[in-house]
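Residues take their numbers from the sequence shown, with the count starting at 1. Order of appearance sets the numbers: ligands from 1, and atoms from 1 within every ligand.
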Amino acid sequence: DSHCLPFRLTILSPNPNMDIFADTADIEEIRKLNELGIIDGVTTNPSLIAKSGREIREVLAEICELVPGPISGETVSSDAEGMVREGRWLREIANNMVVKVPLTPEGIKACYQLSDEGHPVNVTLCFSANQALLAAKSGATFISPFVGRLDDISSEGMQLIQEIRMIYDNYDFSTEILTASARGPMHILEAAKIGSDVVTAPPKAIWQMFNHPLTDKGLKAFLDDWEKTGQKLGQSG
Ligand code: G3P
């Protein structure tokens with residue numbers, strides 16, 4: 001029965017939306033984007049926290065309060081035990097915290113343990129499809145393949161997103177592909193075309209999605225023509 005199809009599709013697809021996360025720990029930048037209703041979460045890493053110049057607990061708590069979606073905070077230990085301890089500490093900040101661990105054997109071990117305890121985990125620093133397969137097998141909620149850093153070394157970052165999409169779809173892994181290290185609007189566009197579940201990008205790249213000269217030109221013409229009518233809109237009488 002064809003008119004049942006959209007309903008069925010909604011049920012079958014756990015995340016039919018393309019989520020956009022802001023890749024920053026700058027609270028003002030997050031606030032400005034959040035007011036537009038277009039961001040679904042935030043990702044941070046130790047470098048972004050350092051750049052904010054703020055205390056990690058304080059800044060993450062503020063971000064979690066501001067944006068109701070998943071907010072990633074990263075562990076810094078190199079052993080699984082330390083990552084699990086830090087992960088539990090991060091999760092006490094707020095219920096929407098996601099624990100970010102690196103794609104190392106110890107990180108995967110920590111992901112397995114934290115996921116088993118019911119904590120959402122984002123496995124980061126992924127540069128190959130085999131690494132993404134390992135993250136999915138360990139129960140990761142998100143996998144973060146870094147497209148920009150692959151492009152930086154003359155590799156095709158987006159090809160990795162395509163490979164992971166294929167592998168995850170082959171086996172119905174529920175781990176969400178979170179395209180990370182996106183540097184500009186073309187990375188966001190390509191990730192959406194491939195079917196990445198999420199893309200995280202610096203605020204500048206998200207703002208760049210708005211840009212089109214024909215929008216600016218068209219708006220100017222509309223307003224110039226309106227001005228000529230001498231009418232006022234929204235005022236009675
Ligand atoms: O948060 C991880 C990732 O998005 C970092 O991006 O630009 O430092 O490669 P980038």
query = What residues form a ring pair (Phe, Tyr, Trp, His ring centres under 6.0 Å) with Tyr112, not counting sequence neighbours?
reply = none
Please confirm whether [X] comes within less than 3.5 Å of ligand 1 when only nitrogen or oxygen atoms on both sides are compared.
{"X": "Thr44", "result": "no"}
{"X": "Thr124", "result": "no"}
{"X": "Thr43", "result": "no"}
{"X": "Thr200", "result": "no"}

query = If hydrogens are left out, which of His187, Glu74, Arg149, Arg183 has an atom nearest to atom 8 (O) of ligand 1, that is, the closest non-hydrogen atom?
reply = Arg149
query = By salt bridge (charged side-chain N to carboxylate O under 4.0 Å, His left out), which residues pair with Asp216, not counting sequence neighbours?
reply = none
ask   = Between Thr229 (side chain) and Gln231 (backbone), is there a donor-acceptor pair under 3.5 Å?
value = yes
Nearest to [atom], what protein heavy atom do you find, and at what distance?
{"atom": "atom 6 (O) of ligand 1", "answer": "Ser181 CA, 3.3 Å"}
{"atom": "atom 2 (C) of ligand 1", "answer": "Phe146 CZ, 3.3 Å"}
{"atom": "atom 4 (O) of ligand 1", "answer": "Asp23 OD2, 2.5 Å"}

query = Hey, is CD on Glu65 packed in by over 12 heavy atoms from elsewhere, all under 6.0 Å?
reply = no
note = Quick note on ligand 1: atoms under 4.0 Å from a heavy atom of Ala180 include exactly 4 (O)
Between [Y] and [X], is there a side-chain donor-acceptor contact under 3.5 Å, judged purely by atom types and distance?
{"X": "Ser72", "Y": "Asn122", "answer": "yes"}
{"X": "Thr200", "Y": "Thr43", "answer": "yes"}
{"X": "Thr24", "Y": "Glu29", "answer": "no"}

